[in-house]
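Small disclaimer: the values here were computed from a predicted structure and weren't measured. FYI, the numbering just counts along the sequence from 1. Each ligand, and each atom within it, is numbered from 1 in the order the structure gives.
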Amino acid sequence: MLLSTPPFAPVAFRDADLLDSAYYASGDPHALWAHLREHRPAYRCDPGDGREPFWVLTRYDDVHRVLRDHAAFSSRRGTMLCIVDLSMPDIASDDMMPDTDPPRHRQLREPLNRALTPRAVAGQEDSIRAQVRRLLQPALAGPVFDVAQAALMFPMAFTGTLMGLPSEHWPRMAELTTTTVAYDDPDYSTGSPTDTVRQAHHELFDFFRTEVLRRSRTDPGTDLIGILRSMDLDENPLTERQLMLNCYALLLGANVTTPHAVCTMVSMMGQHPEQFARVRDNPELRERCVQEVLRWASPASHFMRYAVRDVTLHGQLIRAGEPVSVWLGSANRDERVFTDPYRFNVTRHPNRHVAFGVGPHYCIGAGLATLALRVLLDELLDLVESVEPAGEVAHLASNFVAGYKRMPVRLLPRPGRRPDSAEAGR
Ligand code: HEM
């Protein structure tokens, strides 16, 4: 998705189809969101073709309210607009962590959360650093490097390691997870949207089934799949289906979001070399820089809930049972909350972005993703002198992630820091 800045061209918001994946590849969603925030903070989008209408909330405070208030806005009927028919029941309801409400949600989340706190994942730093160097090595050795393609493997590698997934399957799993959110994109589509998603799910679930069945309940191992295998839900072990659904949630959560923060970091380094030079000289700015990259990228564009009871927002009645989408990319540019929101600013503080959401479903992988991005930043600052664009950027056709498909760049190494010397020196 184009990360555009004002002045925006006038927006014909009635014509903009928020469900249309192609709009996110070639349209200007940030211009539309700015318009909606200002003029239609609670907008009922009616596709007008028989598909269920849904509410669109674009202001920061409303995003907060909906995501925090699970009693009024439930996750049980699904949390992504995508291609599903919003009037149909959600097949993962109550079984897959993102599609549950507290208190059931806590039963699924807590055992996994213990393994994913910032403190728990700190021990992964060396392994993540090795993966970052593997990612950057060809970039520094060759003339042109496609960050978008290389970045797809990055979360797959650190999440695949934590889940205990065999590395020979990683490339295919990375491709399949992207397919499930980019089913309309010609580079990923394998038929109709529904068939494309069904086939991708089928293949992914086969991988997970093999991994889940490999682990015994009595000695399941300590990786994330092992934790799922040993936990209870309502005093029963997870069923095979519940195990696969939650494996899927973990891998999808990591794979479809993190690559776009990686691309944004590299792209911002090219566009704002002076800001990154400042970060290089002031290590205390590194955490802030990572947070600003996350705000700027907002890799997950929206999440969704269903109203449990009637709620009035901005004078509009949202009726019980209606789908409500909240737009994180828009909230992260809300001028009511962020000073100069369209300026990328590595010193921004405070920076209460909602790229990881908020409330009970706050991203369970946030500590891991933040660590991975901080390690990437360290290595970029250490190894790379400058980033130059080397071709046209292509955006992913997806109404769910603000993704890149191609981002050709030239990474010029810092003097004396060619990849081999970098490897040798450590
Ligand atoms: C830059 C990277 C990432 C971004 C921007 C991101 C974004 C988000 C957001 C916005 C949510 C909230 C969903 C909701 O409210 O319904 C979420 C939840 C989730 N994320 Fe992430 N995520 C990232 C990385 C990861 C990683 C690395 C993992 C895997 C370890 C992961 C796994 C999940 C899961 C399983 C949930 C559901 C949590 C729950 O329902 O309690 N994410 N993520």
Side-chain angles (χ1 to χ4, degrees), residues 63-70 73-81 90 92-113 115-118 120-121 124 128 131 151 154-163 165 177 181 223-225 227-228 245-265 290-291 293-306 324-329 331-332 353-374 376 400-403:
V63 170
H64 250 254
R65 171 167 179 192
V66 168
L67 294 184
R68 291 164 70 108
D69 188 356
H70 65 87
F73 298 98
S74 167
S75 295
R76 292 184 57 215
R77 286 181 57 195
T79 62
M80 289 155 70
L81 287 169
D90 171 23
S93 181
D94 283 341
D95 287 331
M96 185 172 77
M97 176 176 35
D99 297 9
T100 56
D101 288 336
R104 189 176 177 83
H105 171 250
R106 264 195 299 280
Q107 292 186 56
L108 280 168
R109 180 167 168 123
E110 271 174 8
L112 291 168
N113 201 32
L116 288 167
T117 59
V121 296
Q124 296 298 315
I128 292 176
Q131 283 147 11
F154 180 45
M156 184 64 241
F158 63 73
T159 313
T161 304
L162 276 181
M163 291 179 75
L165 296 167
T177 39
V181 295
D223 60 33
L224 294 177
I225 298 185
I227 293 173
L228 283 168
L245 284 170
N246 286 288
C247 288
Y248 174 65
L250 284 167
L251 196 63
L252 187 77
N255 276 6
V256 303
T257 50
T258 320
H260 314 307
V262 170
C263 289
T264 301
M265 184 180 284
V290 167
Q291 295 307 322
V293 164
L294 284 161
R295 182 188 77 91
W296 197 255
S298 298
S301 293
H302 76 264
F303 271 98
M304 197 182 61
R305 302 289 188 260
Y306 282 79
V324 178
S325 61
V326 297
W327 295 78
L328 308 177
N332 283 340
H353 66 77
V354 286
F356 288 127
V358 65
H361 292 274
Y362 176 79
C363 178
I364 199 169
L368 185 60
T370 307
L371 171 66
L373 291 170
R374 214 256 300 127
L376 173 69
F400 179 62
V401 286

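Contacts with ligand 1 closer than 4.0 Å are made by side-chain heavy atoms of L328 only, the backbone lying farther away.
Annotation: atom 1 (C) of ligand 1 to nearest protein heavy atom, L294 CD2, 3.7 Å. In this structure, atom 30 (C) of ligand 1 lies nearest to the protein heavy atom G365 CA, 3.9 Å. The single protein non-hydrogen atom nearest to atom 35 (C) of ligand 1 is I364 CG2, 3.6 Å, given as residue, atom name and distance. Closest protein heavy atom to atom 31 (C) of ligand 1: G253 C, 3.5 Å. Protein heavy atom in closest approach to atom 37 (C) of ligand 1: P98 CG, 3.8 Å.
Near M97, meaning under 4.0 Å from one of its heavy atoms, ligand 1 places the atoms 35 (C), 39 (C), 40 (O), 41 (O). Shown in contact with G357 at under 4.0 Å from a heavy atom are these atoms of ligand 1, numbered in order with element: 10 (C). The atoms of ligand 1 that sit less than 4.0 Å from any heavy atom of A355 are 5 (C), 7 (C), 10 (C). Heavy-atom contacts of P299 reach the following atoms of ligand 1: 5 (C) (cutoff under 4.0 Å). Of all the atoms in ligand 1, the ones that sit under 4.0 Å from a non-hydrogen atom of T258 are 1 (C), 2 (C).
Between atom CG of residue N246 and atom CG of residue L112 there is a gap of 7.0 Å, rounded to the nearest 0.5 Å. The NE2 atom of H361 sits 8.0 Å away from atom CG of D99, with the distance rounded to the nearest 0.5 Å. Here the OG1 atom belonging to T264 is positioned 9.0 Å from the CG atom belonging to L294, to the nearest 0.5 angstrom.
Within 6.0 Å of atom CZ in R76, 12 or fewer heavy atoms from other residues, nucleotides or ligands are found, so the atom counts as exposed in its surroundings.
The option with the heavy atom closest to atom 2 (C) of ligand 1, from among T257, L224, L250, is T257. Summarising the contacts of atom 13 (C) of ligand 1 with F158, Y248, F356, F303, the nearest heavy atom is found in F303. Scanning C363, A254, A249 for the heavy atom closest to atom 27 (C) of ligand 1 points to A254.
The distance criterion of under 3.5 Å between nitrogen or oxygen atoms is met by R109 with respect to ligand 1. Any N or O atom pair closer than 3.5 Å counts here, and H361 shares at least one such pair with ligand 1. Between R305 and ligand 1, an N or O atom pair is found at a separation short of 3.5 Å. Among the atoms of H105, some N or O lies under 3.5 angstrom from an N or O of ligand 1.
Put simply, the side chain of D223 never gets that close to the backbone of L162: no donor and acceptor are under 3.5 Å apart.
Residue-ligand proximity: S75 is placed with every non-hydrogen atom at 4.0 Å or more from ligand 1.
In this pair, F154 and F158 present their aromatic rings perpendicular. The plane angle is above 60°, beyond the 30 to 60° band. Between H302 and F400, the ring-plane angle classifies as perpendicular under the 30° and 60° cut-offs.
Q131 is listed as a side-chain neighbour of T161, based on a closest heavy-atom distance under 4.5 Å.
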- Message: Test side chain to side chain donor-acceptor pair (under 3.5 Å) on R305 and S75; report intermediate values, then the result.
- Response: CA-CA 5 Å; R305 302 289 188 260; S75 295; 3.2 Å; yes
- Would you please test D94 and R77 for salt bridge (Lys or Arg N to Asp or Glu O under 4.0 Å) and show each step? CA-CA 9 Å; D94 283 341; R77 286 181 57 195; over 6 Å; no
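For the side-chain contact (heavy atoms from CB on, under 4.5 Å) with M96, the qualifying choice from D90, T79, L245 is L245, the only one to do so.
Defined by atom type and a distance below 3.5 Å, a donor-acceptor pair is present between the side-chain atoms of S298 and N332.
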